[in-house]
Amino acid sequence: MIMEKEKIVAIQAVVDTAIASFAEGLISRYKEEVDDVNGVINMKKNNCFMAELGEEFMFYSAFVRSFDSSFGNVLEKMGNNIAKLSYEVKGDIKSFLLPDQTQRIASILDSYLDHTTKPMIDHYAKYDSIYPKDITSFQRVHVTDNYFYSPKKREHYLIELKASGDLDNKKARAEKSALLEEYFLLKNELKDKPEEKIKIYFGTAYNKFGEGKPWKQERVKQFFSEEELLIGTEYWNFVCDDEDGFRIVFEQYKTSAEKIKQALIKIKDLYF
């Protein structure tokens, strides 16, 4: 099924607006630091060992780390804004978490850690609790940045996104633990609505091994099943709710990225 023209135009507008705003922000930030000896680029300029390697190397080595971090935030916000075209984008989860659910989470993760079981959705989806009358002491608020809801499908989606495209292998357990907590919190909130379904995902904004190629972070796969992964293309297709989503997003990005390239030229001219 071909995506409607209106939706394509709306996605393109979200991408272009996000990139244009990011480019303008870069110029503004580094313009303010021109006379600051502690500014990111000036710190490199004053390093005689780095300076000896040339202006190009100095500029981009100073720039790339902060750029990578801030650009990841742009991609995440861009994904959420695109998702608003197809889903309801919700905020924090205010509910309660029972002791037996916390124990269940620990048990699941321990079994993955010692390789006694492979990750399966049924390990948490088929777990039921007995709800006490008083849940006051179990109430919690969980901050979540990527919570989408499809009224048509009556499905809730909780996503832990690494916009940088990578996850430190040592953090895989913590990421799954956080998602499982969100899952049970939301399940408890919806306990009187059995028709509502919940799905959890770990996603990345791009495939570090190349789009269309196998994603080989086996340590992460130790804690996440294939059904729980949205890697690169799959993530953008999901937020667009269309199999052609990634292509549409990236085609527009290639055009809009010229704004970032021009911003880099302007920033470099400010310093060299």
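Hydrogens, waters and symmetry mates play no part in the numbers below; they use all other heavy atoms, side chains included. Numbers here are sequence positions counted from 1. Keep in mind the model is a prediction, meaning the values are calculated, not measured.
- Of the possible polar contacts, one joining the S70 side chain to the F67 backbone as a donor-acceptor pair under 3.5 Å is found.
- With a 4.5 Å cut-off on side-chain heavy atoms, Q262 and I265 count as touching.
- Here the closest non-hydrogen pair linking M78 and V14 is O-CG1, 3.9 Å.
- When atom types are taken as modelled, the side chain of S21 and the backbone of T17 share no donor-acceptor pair closer than 3.5 angstrom.
- No side-chain heavy atom of E88 sits under 4.5 Å from any side-chain heavy atom of F148.
- Side-chain contact check for E155 and S150: no donor-acceptor pair (N or O, by modelled atom type) lies under 3.5 Å.
- A side-chain donor-acceptor contact under 3.5 Å links N188 and Q101.
- The backbone N or O of F57 sits less than 3.5 Å from a side-chain atom of S61, completing a donor-acceptor pair.
- Ring pair F59/F272 is perpendicular by interplanar angle, where above 60° counts as perpendicular and below 30° as parallel.
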Kindly list each side-chain donor-acceptor pair under 3.5 angstrom involving residues 222-232, sequence neighbours excluded, with atom names and distances?
residue : atom : partner : partner atom : Å
Q222    : OE1  : R219    : NH1          : 2.9
Q222    : NE2  : Y112    : O            : 2.9
Q222    : NE2  : L113    : O            : 3.2
S225    : OG   : E227    : OE1          : 3.3
S225    : OG   : E228    : OE1          : 3.4
E226    : OE2  : K221    : NZ           : 3.2
E228    : OE1  : K176    : NZ           : 3.1
E228    : OE1  : S225    : N            : 2.8
E228    : OE2  : Y124    : OH           : 2.6

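- Between the side chains of T144 and D92, no donor-acceptor pair is found at a separation under 3.5 Å.
- Seen from the ring of Y131, K191 counts as a face-on cation partner, given the 6.0 Å and 45° thresholds.
- For the pair N46 (side chain) and N42 (backbone), a donor-acceptor distance under 3.5 Å is present.
- You'll find the ring centres of Y87 and F238 inside the 6.0 Å limit.
- Taken to the nearest 0.5 Å, the NZ atom of K197 stands 10.5 Å off from the NE2 atom of H156.
- Using modelled atom types and a 3.5 Å distance limit, the side chains of E76 and N146 yield a donor-acceptor pair.
- Counting only distance, with no hydrogens or angles, the side chain of S256 and the backbone of I19 share no donor-acceptor pair below 3.5 Å.
- No donor-acceptor distance shorter than 3.5 angstrom exists from the side chain of R247 to the backbone of T233, with no hydrogens or angles considered.
- E182 contributes no side-chain N or O that, together with a main-chain N or O of I93, makes up a donor-acceptor pair within less than 3.5 Å.
- Taking 4.0 Å as the cut-off between side-chain N and carboxylate O, K77 and D145 do not count as a salt-bridged pair.
- Taking the six-membered ring wherever Trp is involved, the centroid distance between the rings of Y235 and F246 does not fall below 6.0 Å.
- At least one donor-acceptor pair under 3.5 Å links the side chain of N207 to the backbone N or O of K213.
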| What do the steps show when you test K254 against E251 for side-chain contact (heavy atoms from CB on, under 4.5 Å), and what is the final call? | CA-CA 5 Å; K254 286 191 288 187; E251 285 299 317; 3.1 Å; yes
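- Checked against salt bridge (charged side-chain N to carboxylate O under 4.0 Å, His left out), D134 has no partners two or more places apart in sequence or in another chain.
- A heavy-atom distance below 4.5 Å is found between the side chains of P132 and F138.
- Panel note: side chain E33, backbone R29; no donor-acceptor pair is recorded below 3.5 Å.
- Residues I11 and M3 form a side-chain contact, since some pair of their non-hydrogen atoms from C-beta on lies under 4.5 Å apart.
- Between the side chains of D100 and Y127, at least one donor N or O lies within less than 3.5 Å of an accepting N or O.
- A salt bridge does not link E4 with K7: none of the charged nitrogens is closer than 4.0 Å to a carboxylate oxygen.
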